[in-house]
Amino acid sequence: MNKKKKSLKKKLKAFTPYLWLLPSAILLIVMVFIPIIRTLWLSLNDISRACIAKGWNNFANYITTLKNPTFWRVMLNTVVWTVSCVGISTLLGFILALILNEKFHGRKIARTILIFPWATSLAITAGMWKYIYDANYGGLNALLNALGFQSVNWLNNSHPWQMFALMIVVAIVVTVPFVTFCLLSGMQGISHDYYEAASIDGAGPWKRMIHITIPHLRPALNTSTVLNVIYVFNSFPIVWTISMGAPAHMTDTITTYMYSASFKQFDYGTGTSVSVIGFLVLLAFSLIYMGMTMKREEM
């Protein structure tokens with residue numbers, strides 16, 4: 001009996017970690033995997049306005065979506081939106097991480113202030129920036145008037161690319177803190193012995209950054225890039241709060257277009273097919289990017 005009890009206790013101990021993981025696994029299945037599978041299933045069916053699958057439709061939703069010029073305009077918007085936000089925020093984040101990695105008075109305060117845009121709700125941040133851009137009451141025009149310049153209708157529907165550029169500015173402000181702290185954590189993990197040895201050999205700040213900082217930052221940079229692409233690609237509140245995709249989907253991204261099709265036009269076929277296409281695009285990017293970075297590390 002004692003041997004049986006001991007073996008039972010060993011089995012329970014071995015199983016205990018899985019019990020701790022069980023709540024997270026259940027939450028992941030219910031909140032992530034089941035919705036993904038249901039969305040994929042719905043995208044392959046005719047769907048009623050009550051969001052009920054009516055039967056297999058031979059990929060009709062995807063064919064209709066891919067033939068729609070609006071979808072390709074939205075995809076172009078999404079690519080420009082993602083590349084601009086991620087590229088510029090990565091560059092600015094790297095510069096800020098270099099600055100915050102140095103010792104100076106008020107460094108802790110600067111780090112605390114920097115995290116505010118990222119920690120604040122996106123809807124609140126977008127609403128605040130929409131007020132700043134307001135042609136009549138916004139702070140940006142008030143500043144221009146104080147400097148002797150004329151007011152500008154920043155959110156003018158007749159200039160959608162101007163409005164789209166302003167939304168990119170907001171997204172960059174929001175995402176820079178995330179990139180900065182990812183890269184800053186990577187910088188703090190680099191041993192100072194490398195820099196001391198390089199200084200003894202006569203390497204200046206630029207050479208130390210090129211040959212020491214950047215190569216050692218690749219893991220942190222790869223992680224922040226992938227997560228930032230996913231985060232920006234799926235960003236909804238900024239675009240929806242500022243423009244709602246107006247005019248005529250000219251400032252829509254894939255998430256706002258999907259939302260508009262599903263919950264404003266009740267076109268669930270388009271909505272589900274667009275969401276699956278977006279998921280596949282992100283999956284393909286992640287696999288290709290991580291595959292490329294792993295090959296570089298092996299070389």
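The basis for the numbers below is simple: all heavy atoms, side chains too, and nothing from hydrogens, waters or symmetry mates. Position 1 is the first residue of the sequence, and the numbers go up from there. These figures come from a predicted structure and were not determined experimentally.
In this structure, the side chain of Ser185 engages the main chain of Cys182 through a donor-acceptor pair within 3.5 Å. Counting only distance, with no hydrogens or angles, the side chain of Thr255 and the backbone of Ser235 share a donor-acceptor pair below 3.5 Å. Side chain of Arg111 to main chain of Leu100: a donor-acceptor pair is present (N/O by atom type, distance under 3.5 Å, no hydrogens or angles). Side chain of Thr251 to backbone of Ala246: a donor-acceptor contact under 3.5 angstrom is found. Between the side chain of Asn68 and the backbone N or O of Thr64, no donor-acceptor pair lies under 3.5 Å. Panel note: side chain Arg107, backbone Glu102; a donor-acceptor pair is recorded below 3.5 Å. A donor-acceptor contact shorter than 3.5 Å links the side chain of Thr293 to the backbone of Met290. Of the possible polar contacts, none joining the Asn61 side chain to the Thr270 backbone as a donor-acceptor pair under 3.5 Å is found. The backbone N or O of Thr272 lies less than 3.5 Å from a partner atom in the side chain of Ser275, making a donor-acceptor pair. Of the possible donor and acceptor atoms, none in the side chain of Trp154 sits under 3.5 Å from a partner among the backbone N and O of Ala135.
Within the 4.5 Å cutoff, no side-chain heavy atoms of Met250 are placed close to those of Phe164. Inter-residue side-chain proximity for Asn45 and Lys54 is flagged as unmet; no heavy-atom pair is nearer than 4.5 Å. Within the 4.5 Å cutoff, side-chain heavy atoms of Leu66 are placed close to those of Ile277. The shortest distance between side-chain heavy atoms of Thr256 and Thr253 falls below 4.5 Å. Between Leu166 and Ile242, the closest side-chain pair of non-hydrogen atoms is not below 4.5 Å. Looking at heavy atoms from C-beta onward, Ile214 lies in side-chain contact with Phe94 at the 4.5 angstrom threshold. Residues Trp118 and Val179 are not in side-chain contact: their nearest non-hydrogen atoms beyond the backbone lie 4.5 Å or more apart. Between Phe266 and Tyr268, some side-chain heavy-atom pair lies under the 4.5 Å cut-off.
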The test is side chain to side chain contact (heavy atoms under 4.5 Å, CB included); show your working for Asp134 and Leu155 and say whether it passes. CA-CA 7 Å; Asp134 187 89; Leu155 302 178; over 6 Å; no

- request: Could you walk me through whether Phe236 and Tyr259 pass ring-ring contact (aromatic ring centres under 6.0 Å, His included), step by step?
  value: CA-CA 9 Å; Phe236 174 83; Tyr259 177 85; 5.1 Å; yes

Please report the C-alpha distance between Ile238 and Trp81 in whole Å, then the side-chain angles of each, then the deciding distance to 0.1 Å, and finally whether the side chain to side chain contact (heavy atoms under 4.5 Å, CB included) criterion is met. CA-CA 11 Å; Ile238 293 174; Trp81 163 267; 3.9 Å; yes

| Val86 and Tyr231: side chain to side chain contact (heavy atoms under 4.5 Å, CB included), yes or no, with the steps? | CA-CA 10 Å; Val86 174; Tyr231 177 73; over 6 Å; no

Practice prompt. Give the intermediate values and the outcome of side chain to side chain contact (heavy atoms under 4.5 Å, CB included) for residues His249 and Ser260.
Written response: CA-CA 10 Å; His249 302 292; Ser260 178; 4.2 Å; yes

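Under the 3.5 Å distance criterion, with hydrogens and angles disregarded, a donor-acceptor pair is assigned to the side chains of Trp56 and Asn58. In this structure, a donor-acceptor pair under 3.5 Å is present between the side chains of Ser89 and Asn228. In this structure, a donor-acceptor pair under 3.5 Å is present between the side chains of Tyr289 and Asn222. Defined by atom type and a distance below 3.5 Å, a donor-acceptor pair is missing between the side-chain atoms of Thr125 and Thr120. Residues Tyr62 and Ser43 bring a donor and an acceptor atom of their side chains to less than 3.5 Å of each other.
The hydrophobic clustering, which links ILVMFWY residues whose side-chain heavy atoms are closer than 4.5 Å, places Ile29 and Leu19 apart. Cluster annotation: Val274 is not connected to Trp41 through the hydrophobic network of ILVMFWY side chains, with a link wherever side-chain heavy atoms come within less than 4.5 Å. In the hydrophobic clustering of ILVMFWY residues, with side-chain heavy atoms under 4.5 Å counting as a link, Leu287 and Leu227 come out together. Criterion: ILVMFWY side-chain heavy atoms under 4.5 Å apart, direct or through other members. Under it, Leu280 and Tyr257 are part of a common hydrophobic cluster. Hydrophobic cluster membership is shared by Met163 and Val152, with clusters built from Ile, Leu, Val, Met, Phe, Trp and Tyr side chains linked at under 4.5 angstrom.
How far CE of Met258 is from CZ of Phe71: 11.5 Å, rounded to the nearest 0.5 Å. The structure places CE of Met187 at 9.0 Å from OG1 of Thr180, a figure rounded to the nearest 0.5 Å. Note that CD1 of Ile132 and CH2 of Trp129 are 5.0 Å apart. Values are rounded to the nearest 0.5 Å. Note that the CD1 atom of Ile230 and the OG1 atom of Thr225 stand 11.0 Å from one another [nearest 0.5 Å]. A distance of 9.5 Å separates CG in Leu184 from CG in Leu98, rounded to the nearest 0.5 Å. To the nearest 0.5 Å, atom NZ of residue Lys130 and atom CE of residue Met167 are 10.5 Å apart.
Here the closest heavy-atom approach between residue Leu183 and residue Leu217 is recorded as O-CD2, 3.4 Å. When all heavy atoms of Ile47 and Leu42 are compared, the closest pair comes out as CD1-O, 3.1 Å. Nearest approach of Arg73 to Ala248, heavy atoms of both residues: NH1-O, 3.1 Å. Annotation for Gly186 and Ala220: closest pair CA-CB, 4.2 Å, computed over non-hydrogen atoms. Nearest heavy-atom pair, Val30 versus Pro35, reported as atom, atom and distance to 0.1 Å: O-CD, 3.2 Å. Of all heavy-atom pairs spanning Pro237 and Ala123, the tightest one is CB-N, 4.0 Å.
Counting non-hydrogen atoms of neighbouring residues, nucleotides and ligands closer than 6.0 angstrom, the OH atom of Tyr194 reaches no more than 12 such neighbours. The neighbour count for Phe149 CZ, taken as heavy atoms of other residues, nucleotides or ligands under 6.0 Å away, does not exceed 12.
Just one residue in the list Val83, Thr78, Leu76 forms a side-chain contact (heavy atoms from CB on, under 4.5 Å) with Val80, and that residue is Leu76.
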